[in-house]
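Naming: A, B, ... by sequence-line order, numbering from 1 per chain.
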Protein chains: 2
Amino acid sequence: MPVKDCKTEQHIKETARRIFLKEGKMLATTQEIADAAGVNRTLLHYYFRSRDMLFNVVFTEALTKLRERLHEVIGSQLGFRQKVEKLLDVFFEDLTELPYLETFITLQLNQEPHKYEEMFVHLPGGKERIRNFLKEIHHEMEKGTIPVMKPINYMMNIFALIAYPYVAKPVFKNMFDLSDTAYNKLLLDRKEMILSLLFN
Amino acid sequence: MPVKDCKTEQHIKETARRIFLKEGKMLATTQEIADAAGVNRTLLHYYFRSRDMLFNVVFTEALTKLRERLHEVIGSQLGFRQKVEKLLDVFFEDLTELPYLETFITLQLNQEPHKYEEMFVHLPGGKERIRNFLKEIHHEMEKGTIPVMKPINYMMNIFALIAYPYVAKPVFKNMFDLSDTAYNKLLLDRKEMILSLLFN
DNA sequence: TTTTTGTTTAACAAAATTGTCAAACAAAAT
DNA sequence: ATTTTGTTTGACAATTTTGTTAAACAAAAA
């Protein structure tokens, strides 16, 4: 096979992503991942050198993808309300696909901050797009279409209201005695409610 | 020392709590904890049998304490608004003390759900207190003092708005380019803003 | 004083996990 | 057909981490 086929590599990576970010098994061993992927454990090392690097690739890819999607939205030419709606949609999709990404970001960015700092910095035009969005928020406040507060707080609220119910899913499910399907149904309803909170 | 002195035991437990829940070092080894506590590693086993049990004791205690405090508030005789304010205060205090508790709850309750289910169930009058609070919320909506939505969503919002900025601290700090002190200052401001969102 | 009780320690054993290697292998290129 | 290239495997080594044990120890009780 002189042609790099990268089928196995992809497969391992996807399996790892599923186990780490979808099922939340942060402590999964190379053996578990190899078994789940149905390949020899040595292949993980062949393709990714170490468990650490495999984790890093998976994590970084997911994080980058989410960030790109979010930045694309806030940098788009949509009107403000459409932008916020789209932001909620993107989050909703992403959290449905990878419920544990948020949690891992928290832990990882704390464990090895230096490792990821540059990654954030190197996103082209990232900081500026965020500054512009904050300005837009400020402008909407002056127009009176949204509640007045520090723009950063407004932006945090968007994230908090959509993301937290995913992060805290096990707690809320238990607290309110809800089945998995009942909880998911509840999550679907939240978008409209959130919009009504975010806009006057 | 025929009298059980439990000073060392306490000390180990507190050190473990600091490392696990305050510093977010989920993967800390028994050696690291022993070193941080300045004791011989064998003592962890002497007092707690295994790393797992030590973690479990620390985690369960913190979780129980938080739950008790929250239940005490929602079950209290305070008026509705005072109750919500107090709820925000409790969360604020707890998250300041143990910023990673939330994150760990998420991961733990997912990893070994059965282990913690009974714990939740066995909280005396827990479910009922929550049901009553939800009724209270519903009543406030009828009175028109708060925005109308599913009461469960209202309760989720309370938690989300106060807790998420702690959970996602590393992300937001980076996103908005804030120092640690600047971020903490921001968090302090949120209470009033949150109240204005939660009430009409 | 010596016995008893509970604590602390160092040395050791066991387990779990990661990482390496050389050899077997398959398929395309020569 | 043979070589080359990249893939896969099993056996093995290294490391890290946890858990156990027996002996040393200190202080109160007998």
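Distance, B:Leu44 CG to C:dT8 P: 12 Å, rounded to whole Å. Summarising the geometry, the separation between CE on A:Met53 and C1' on C:dT18 is reported as 13 Å, rounded to the nearest angstrom. Protein atom CD1 of A:Ile12 is 10 Å distant from nucleotide atom C1' of D:dT8, rounded to whole Å. Protein atom CD1 of A:Ile33 is 12 Å distant from nucleotide atom C1' of C:dT17, rounded to whole Å. Separating the OH atom of A:Tyr47 from the P atom of C:dG19 is a distance of 18 Å, rounded to the nearest angstrom. Straight-line distance from the CG atom of A:Leu43 to the C1' atom of C:dT20: 14 Å, rounded to whole Å. Taking atom NE2 of residue A:His11 and atom P of nucleotide D:dT7, one finds them 16 Å apart after rounding to whole Å. In this entry the distance linking CZ of A:Phe55 with C1' of C:dT18 reads 16 Å, nearest Å.
A salt bridge does not link B:Glu61 with B:Arg17: none of the charged nitrogens is closer than 4.0 Å to a carboxylate oxygen. Salt bridge B:Lys191/B:Glu85: present, at least one basic N to carboxylate O contact under 4.0 Å. Ionic pairing of B:Arg41 and B:Asp35 is not present here: no N-O contact between side-chain nitrogen and carboxylate oxygen is shorter than 4.0 angstrom.
Where pairing requires Watson-Crick or G-U contacts shorter than 3.5 Å, the helical stems of DNA chain C with at least three consecutive pairs are C:1-30 with D:1-30.
Ring pair B:Tyr100/B:Phe104 is perpendicular by interplanar angle, where above 60° counts as perpendicular and below 30° as parallel.
Note on residues 156-175 of chain B: pairs passing salt bridge (charged side-chain N to carboxylate O under 4.0 Å, His left out), not counting sequence neighbours, are B:Lys169-B:Asp180, B:Lys173-B:Asp180. Residues in residues 139-161 of chain A take part in these salt bridge (charged side-chain N to carboxylate O under 4.0 Å, His left out) pairs, two or more places apart or across chains: A:Glu140-A:Lys143, A:Lys150-B:Asp189.
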Mark up nucleotides 15-22 of chain D, 5' to 3', with B wherever a protein heavy atom is under 4.0 angstrom from a base atom, S wherever such an atom reaches only the sugar-phosphate, and - elsewhere.
--SBBBB-
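Ranking C:dA10, D:dG6, C:dT7 by closeness to the B:Tyr46 side chain, first place goes to C:dT7.
The salt bridge (charged side-chain N to carboxylate O under 4.0 Å, His left out) search around A:Glu136 returns A:Lys83, not counting sequence neighbours. Every residue meeting the salt bridge (charged side-chain N to carboxylate O under 4.0 Å, His left out) condition with B:Arg69, not counting sequence neighbours, appears here in chain and number order: B:Glu93.
Checked against A:Val39 for a side chain to side chain contact (heavy atoms under 4.5 Å, CB included), the options A:Ile12, A:Ile33, A:Thr15 give a single hit: A:Ile12.
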